Structure formats: structure tokens, C-alpha cells
Amino acid sequence: MQLIYEKSVPGRQAIQWDALDVPEVTLPAALCRHKAATLPELGELEVVRHFTHLSQRNVGIDDTFYPLGSCTMKYNPKIAEVCAAQPGLMNLHPHLSTSKVYEKNVQGAYELIFNLERELAEIAGFKAASLQPIAGAHGELVGTLLMAAYHKDHGNTHKDTIIVADSAHGTNPASAAMAGFKVVEVPSKENGLINLEAFKAAMGDHVAGIMMTCPNTHGLFETDIKEIAAICHGYDALLYYDGANLNAILGQCRPGDLGFDVMHYNLHKTFATPHGMGGPGCGPVGVGERLTKYLPGPRVVRDGDGFTLQTPEKSIGRIAPFFGNFLIAVRAYAYLLFYGDEGLREVSRMAVLNANYIHARLKQVYKPAFKERFMHECVFSATPQAEKGVRALDIAKMLLDYGFHAPTVYFPLTVKECLMIEPTETESKETLDAFCDAMLDIAKRIETEPEVFAAAPSTTPVGRLDEVAAAKDLNCACL
Ligand SMILES: *Cc1c(COP(=O)(O)O)cnc(C)c1O
């Protein structure tokens, strides 16, 4: 495909300027370019075609099954887009919230923020939530800063350590470290669950809290969670819940009821905002009683019949401009109203059923990483295939030639040759079957023609990439 500059024809343009009908002025020399900018010169139609072709080379959930474990790539109902595109919401100027004079103009937006925060808190069994954080990892940072604020306020100056499970998302230890804590990793057992004995050994007065995911990134529900919570609280340590992926538990169980004190949600995974490649995101935090007074401010609060802003007495302060990514909140609110209570329960039931369906169809051929019951994602170890010279990465590349996005590979790090598959609730049985058929066909070809895998993918706009070079140089050559 030609670059847009290669299509440029000198003198061609997409617009025709009207004759000047205001007095001409001469700009100060300091504001003027000394050399004309190098811009492609094209007609409107060439520009439209160029960008349309580019967009068709992209892969997204709207055109392909995208079973990316720990990332919930599910269909985002278009009704949420329609709601976010309402001019009364989309065109609100953020500065309207900075002056009392304009407060009456933003009452609707405040009401939406107020209601959504309450609904998110309710879904997770918490007292309050804040929509300010603008990514999941940002929510983690805020959550760990809230933990730090709590301990500082309680004179717990000796508490300088956060325990993180070895199956945790890489952002967990990073966020804890950014909030100023030391990080201690606790291993999982053979069965994929946290090692309770190792956790007890790591626990002590110096521990400020623990960060856990449940179901964890092995796709398994942590059955010792209540005991872990009791032990933590015995030391006045707090429990952080990584709620980036809520698909397994919506309407089934609530982190607050399990004993967690703080969590983040990824509205851009579970609640109707498309995501990927770095944004945009919204990673609200939810908190229990212990942490409510430290929440970021200002917060939307009730004021008579309307709403106003207030900063909690011991707030950690502002952590994002205005109210975070407001239009993502609008999508999530639409999604929650659209599904309702029973609808959300059906989401989690179907998400778990679909993952277990894939597990059941593939388990004879791909080695399940664990024996426990999987929740919303199933994890395989392609070690038997790797022994024949075809690694998880090669399987992932070959899947692209079958028209599917690859699952997550090599994460979590605890599983060798890891293939982590999350189908989500929005896929039909036909799609799940087509994917499983492809995986089974691939397994057969590993037996008969393992050599073809080195050349995959061969049907995509770019072929096999040098992954290390491509991360730095987006325009690098294929292998
Ligand atoms: C995606 C994810 C995160 C981080 O979310 P971002 O919005 O990408 O920062 C954290 N934890 C888990 C388990 C995740 O899947």
C-alpha cells in the first residue's frame, strides 16, 4: 500500500478557498513559517479512500472473534454509542463545572455521574465509587494511594509492603511501587490458586495490604478469599481487588461482600466502551467504609433537589482533569440501564458457560493448565505442541490465517506456553464452534506439517513480524 505522501500530486487540493472578504493583515515574522510545510496534496476522494483502506486493515471486535484472555474484548452495543453521541452530553464544556454560575447547566451530567457511581458501588458491594481514574492501571494507582492515605491517617507508618499474587496483572506490582510500597510476590499452588501457607508466611505487621484478582488470571475463583481477608484485617491491612474483568461475577458475587476494601473497574472492558492499544479508558475505583473519606475530589453530591461538588474531608485530591473520561461513563450508564439486574446476571452466566464450552471442546487436544473449574476464561499450556516444535506463539500466528484474532499468549507468566482464551458472553455457539474447529485443525497440522507454522500468518496485510523490532519501529520489515 502506498503511503499518503506517495499519492501526493503537486497543486492538487481538496478545498477551494473563498476570496478574502476581510482586511488582510501581516503576521509578525516570529509567528510565520520560514519554509512551507510538507503536506500531501490530494483530492477529497483520495483522502477518503486512503483512510478507509487503512481502517479495513485493522482488526477489531466488530469484525472478528477476539478471544483475548484477561482483556474482555466483547461486543459493545451500539446503543451506548448513540447515547454518548447526544449533543447535550457530547458538547458539554468541562469548564462549566468550574463555576457555581453554570452549575444549573450541568445538573444532568452530575446526576448521571452520581447515579453511575452508586450503581458501580452497588454491583461490587461497596459504599462509594469515583469515576476520576482514566485507566485500569490508573485506578490501581488511586486505590493504592487510598490505602497509603488510610495507613498514614491511622499512624501505621511501619506498613510499607504490599503483597501481590504471582498470577496478578503486571500493572499490580507497578502501581503498588508507584504509590511508594515495597512489593512481595506470593506464589500460586500447582492448582492455580494462591498458596495460603506462603501468604501467611509473608503476612505481618509491616504489610499494608494485598492485591488480588478473583477469578484470578488463571481463570479460577480464589476459594480461600474469606480466610485471606480475615487474616489481612487482623493486621489492619487492606484488600485491593483488581476488577478489570468483571464478566465472571456480575450479579453473582460482590468483592465488598468477600472482604475487599477497594477495587477498580475497567468500564472499557466490561461496560460497553471499545478498547485496545492504549485507550481511551475509564477505571473507576470503588471503596468500602474504611476508605470513603479519602476518595479523589471534587465529588458530585446531592444538594437539595439537585447536585453540587464537594471534596471529601481527607481526600487524596484530584487525580485527573474534571471527571475523568465522561463519555465512557455515559456508555457504561447506558449499558447498565439497558441490561438491568437480570441482564447483568445473564452476562456472567453466559461468559462462564462459553469459556467452559471452549474448554470442553479443546481439552483432549490442548493441555488445560489447571484441573479446577474455569470461570470466564480458560487457560491452556501448549507444552505438548511445543515439544513438536510449534510454540504457543506459532499457534497464535496461524489462527490469524483462519480469520480469528489470537488469544492472549505467554500470560500469566506462571503457565508455560500459555494460551489464555476468553470468549465472552456475546459470541454465538456457531462462532465458538468455528474457533474450536480451527484450533483442532491447527493441532492436527502440528502433527503432520509442523514446518508450515514458521511462515504464518500469510493472509494478513503484514506477514510474520520481528516482534522485538516491531515494538520500537512500527514500519519495520517482516521476517
Ligand atoms: C486490563 C487489565 C488491567 C489494566 O487496565 P488498563 O486500563 O489497561 O490500564 C489491570 N488488571 C487486569 C487483570 C487487566 O486485565
Side-chain angles (χ1 to χ4, degrees), residues 61 66-74 76 120 124 129-145 162 164-179 183 185 188 192 194 209-222 225 239-250 255 260 262-286 319-320 324-325 327-329 331-332 351 355 374-379 405-415 418 420-424:
I61 192 67
Y66 207 131
L68 202 63
S70 190
C71 246
T72 313
M73 287 287 190
K74 66 184 186 181
N76 302 294
L120 289 173
S130 164
L131 293 171
Q132 264 193 41
I134 53 174
H138 195 203
E140 290 173 27
L141 176 65
V142 172
T144 40
L145 288 173
I162 284 190
V164 177
D166 66 352
S167 61
H169 199 264
T171 47
N172 287 192
S175 302
M178 278 185 77
V183 177
E185 194 178 272
S188 315
I194 196 165
I210 182 169
M211 296 179 87
M212 288 184 68
T213 313
C214 184
N216 62 26
T217 62
H218 295 148
L220 309 175
F221 197 87
E222 292 283 1
I225 185 61
L239 283 90
Y240 186 96
Y241 181 86
D242 181 338
N245 309 285
L246 280 190
N247 250 21
I249 65 160
L250 282 175
F260 287 94
V262 48
M263 71 175 280
H264 77 270
Y265 319 66
N266 275 22
L267 300 190
H268 50 294
K269 284 179 185 168
T270 317
F271 300 107
T273 286
H275 75 101
M277 309 305 278
C282 183
V285 288
I319 44 85
N325 276 324
L327 291 178
I328 298 186
R331 289 180 179 87
F374 287 110
M375 302 299 289
H376 62 301
E377 52 201 1
C378 52
V379 183
H405 194 280
T408 296
V409 289
Y410 301 105
F411 175 81
L413 304 174
T414 41
V415 177
C418 186
M420 186 197 216
I421 302 171
E422 181 181 355
T424 83

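When a ligand or atom number is given, it counts from 1 through the structure's own listing order. From a predicted model like this one, the values you see are computed outputs, not experimental measurements.
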Q: Determine whether the side chains of Asn266 and Asn245 contain a donor N or O and an acceptor N or O closer than 3.5 Å.
A: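 On atom types as modelled, these side chains do not qualify, holding no pair under 3.5 Å.
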
Q: Enter the distance from Leu131:CG to Tyr265:OH here, rounded to the nearest 0.5 Å.
A: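 So the CG of Leu131 and the OH of Tyr265 are separated by 9.5 Å.
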
Q: Supply the atom-to-atom distance Thr171 OG1 to Leu141 CG, rounded to the nearest 0.5 angstrom.
A: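 One gets 11.0 Å once the value is rounded to the nearest 0.5 Å.
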
Q) Do the non-hydrogen side-chain atoms of Arg331 and Phe271 ever get within less than 4.5 Å of each other? A)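 A side-chain contact is absent here, since even the closest heavy-atom pair is not under 4.5 Å.
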
Contact table ligand 1 N or O to protein N or O, d under 3.5 Å:
{"unit_1": "ligand 1", "atom_1": "5 (O)", "unit_2": "Asn266", "atom_2": "ND2", "d": "3.1"}
{"unit_1": "ligand 1", "atom_1": "7 (O)", "unit_2": "Gly136", "atom_2": "N", "d": "2.8"}
{"unit_1": "ligand 1", "atom_1": "7 (O)", "unit_2": "Asn266", "atom_2": "ND2", "d": "3.4"}
{"unit_1": "ligand 1", "atom_1": "7 (O)", "unit_2": "His268", "atom_2": "NE2", "d": "2.7"}
{"unit_1": "ligand 1", "atom_1": "9 (O)", "unit_2": "Gly136", "atom_2": "N", "d": "3.3"}
{"unit_1": "ligand 1", "atom_1": "9 (O)", "unit_2": "Ala137", "atom_2": "N", "d": "2.8"}
{"unit_1": "ligand 1", "atom_1": "11 (N)", "unit_2": "Asp242", "atom_2": "OD1", "d": "3.1"}
{"unit_1": "ligand 1", "atom_1": "11 (N)", "unit_2": "Asp242", "atom_2": "OD2", "d": "2.6"}
{"unit_1": "ligand 1", "atom_1": "15 (O)", "unit_2": "Ser70", "atom_2": "O", "d": "2.6"}
{"unit_1": "ligand 1", "atom_1": "15 (O)", "unit_2": "Ser70", "atom_2": "OG", "d": "3.0"}
{"unit_1": "ligand 1", "atom_1": "15 (O)", "unit_2": "Asn245", "atom_2": "ND2", "d": "3.1"}
{"unit_1": "ligand 1", "atom_1": "15 (O)", "unit_2": "Lys269", "atom_2": "NZ", "d": "2.8"}

Q) Parallel, tilted or perpendicular: which fits the ring planes of His275 and His268, with parallel below 30° and perpendicular above 60°? A)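 Ring orientation, 0 to 90° scale: perpendicular.
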
Q) Do Phe411 and His169 make the cut of ring centroids closer than 6.0 angstrom? A)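 Yes; His169 has its ring centre under 6.0 Å from that of Phe411.
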
